[in-house]
Protein chains: 2
Amino acid sequence: MSLIMLHLRDLPTLETLNKFAARYPQADVTAISSFLHLLRVATDLSIALDSCLSQHGLLQGRWWVLILLMREDNNTAMPSSLAEKAGVTRATMTGLIDGLAQSGLVERVFAQDDRRSIQIRLTEAGQAKLDEVMPDYYQRLRECMQGLDEASRQQLNVILDAINAGIPAFSKKS
Amino acid sequence: MSLIMLHLRDLPTLETLNKFAARYPQADVTAISSFLHLLRVATDLSIALDSCLSQHGLLQGRWWVLILLMREDNNTAMPSSLAEKAGVTRATMTGLIDGLAQSGLVERVFAQDDRRSIQIRLTEAGQAKLDEVMPDYYQRLRECMQGLDEASRQQLNVILDAINAGIPAFSKKS
DNA sequence: ACATTATAGTTAGCTGGCTAACTAAGTCAA
DNA sequence: TTGACTTAGTTAGCCAGCTAACTATAATGT
């Protein structure tokens with residue numbers, strides 16, 4: 001589950017935005033500004049998450065697979081289901097599982113009823129790794145978000161939903 | 001300027017969050033929820049942006065370089081300056097410039113005073129490409145954000161600043 | 001003046017995504 | 001029942017980032 005997005009460092013000044021808006025009348029200056037700000041903060045959060053995980057020898061993709069497995073009742077899921085939930089291709093999931101299996105954090109269990117499919121199971125070592133990483137991750141996240149009260153968090157969710165609703169208009173094919 | 005981040009598709013339900021919070025008492029459920037929501041929407045926005053740019057034969061990295069050049073007074077900048085503003089390494093910028101130069105959208109101009117450094121200049125074709133892409137990008141972005149009034153955009157900026165202030169606590173090395 | 005250090009850019013090789021093509025196994029309809 | 005289709009997983013090869021090492025040039029200090 002890696003996402004490619006802008007690695008913005010240098011957000012435009014209001015002056016720059018107005019210069020561009022003068023040439024391109026379609027520009028909605030506050031929309032652009034909020035959009036870039038959102039991508040920028042999300043980028044930095046993602047980098048911070050990488051930094052946290054790397055201190056435990058994990059990367060986002062593999063970490064997320066472990067979490068998805070722990071969510072399951074018997075800590076078991078099919079690769080195709082994991083791929084879908086993680087938002088990666090099945091090919092990518094094969095690679096993630098290879099890495100996790102090599103580290104002993106998950107294991108492949110062959111199904112007897114359908115010999116095409118296999119089950120991926122979180123091992124004890126995998127659970128132990130999560131028990132090491134998650135408290136650190138949750139503690140850091142708690143501290144990161146502590147400047148935001150419940151009302152602001154709620155507001156943020158409402159705003160994000162509104163933006164999300166507009167995304168089809170952004171990515172339309174025409 | 002590509003950023004690696006979660007490609008989250010399957011956000012946890014409240015039930016799942018509570019299950020994790022029961023095992024890991026450090027968990028701050030609303031913090032986790034808002035954090036993942038933010039990464040998810042940013043991810044989808046980035047994918048939408050990719051989709052828009054690809055219809056004009058561009059990728060985020062190269063597109064951003066063109067914009068940075070257009071921001072400059074004489075449409076000219078040094079590779080190292082571009083790298084810093086784009087948030088990529090100089091090595092990556094070399095590759096971006098190679099691609100843009102091959103497409104004729106920028107050109108390398110050798111400096112006479114310091115023979116180590118070169119200047120990158122936006123060509124007429126590069127400006128024409130921006131004049132093709134930016135109206136489409138701005139129009140799509142306007143439509144995407146049209147569900148958000150000015151007050152909400154302002155709120156979003158305040159919230160993002162608050163989160164941004166907490167990022168050092170997230171990525172601290174200890 | 002000349003050895004050291006710093007700076008600008010490039011190259012080589014790694015990584016973790018991706019798509020497309022493939023194997024193997026199950027399903028279904030003529 | 002057998003040929004076409006679907007599904008699960010893997011493999012091969014591409015791409016755009018990255019780091020580390022390199023060349024060339026400039027600046028600095030003794």
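In what follows, every chain begins at residue 1, and chains take the letters A, B, ... in the order their sequences are listed.
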Expressed as a whole number of angstroms, how long is the span from [X]:[atom1] to [N]:[atom2]?
X      : N      : atom1 : atom2 : answer
A:D114 : D:dA8  : CG    : P     : 8 Å
A:I47  : D:dG17 : CD1   : P     : 14 Å
B:D113 : C:dA8  : CG    : C1'   : 13 Å
B:R116 : C:dA8  : CZ    : C1'   : 6 Å
B:L96  : D:dA16 : CG    : P     : 9 Å
B:L82  : D:dG17 : CG    : P     : 14 Å
A:F110 : C:dG26 : CZ    : P     : 14 Å
A:L53  : C:dG16 : CG    : P     : 13 Å

Side-chain donor/acceptor of B:R115 to base of D:dT25, under 3.5 Å: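 Per atom types, no contact qualifies.
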
Within the distance-only criterion (no hydrogens, no angle test), does the side chain of B:R90 pair as donor or acceptor with the backbone N or O of B:A83 below 3.5 angstrom?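 Here the side-chain-to-backbone pair does not exist.
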
Under a 3.5 Å distance rule, please check whether B:S54 uses its side chain to pair with a backbone N or O of B:G57 as donor and acceptor.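 No.
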
Find out if a path of hydrophobic residues (ILVMFWY) with successive side-chain heavy-atom gaps under 4.5 Å connects A:Y24 to A:F35.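 Same hydrophobic cluster.
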
Polar contact flag, side-chain donor to acceptor under 3.5 angstrom, B:D161-A:H37: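 Distance-only check passes for B:D161 and A:H37.
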
Please tell me whether B:S117 and B:D114 have a donor and an acceptor in their side chains that are separated by less than 3.5 angstrom.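 Side-chain D/A pair, B:S117 to B:D114: absent.
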
Go through D:dA26, C:dC18, D:dT19 for me and flag the one nearest to the A:V88 side chain.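 It is C:dC18.
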
Measure from the side-chain heavy atoms of A:M78 and tell me the nearest of C:dG17, D:dA8, C:dG9.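 Looking only at heavy atoms from C-beta outward on A:M78, the closest nucleotide is D:dA8.
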
Using a 4.0 Å heavy-atom cut-off, does B:S117 contact any base of the nucleic acid, only the sugar-phosphate backbone, or nothing at all?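 Sugar-phosphate contact only - B:S117 comes under 4.0 Å of backbone atoms but never of a base.
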
Excluding sequence neighbours, so at least two apart, what forms side-chain hydrogen bond (donor to acceptor under 3.5 Å, both in side chains) with A:E72?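 A:K85.
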
Short side-chain N/O contact from B:S80 to OP1 or OP2 of C:dG9, under 4.0 Å: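 Yes.
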
If the sugar-phosphate is the primed atoms plus P, OP1 and OP2 and the base is the rest, what is the B/S/- string for nucleotides 10-15 of chain D, using protein heavy atoms under 4.0 Å? BB----

Can you name the one residue among B:T94, B:V65, B:I120 that meets side-chain contact (heavy atoms from CB on, under 4.5 Å) with B:P79?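 Passing option: B:I120.
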
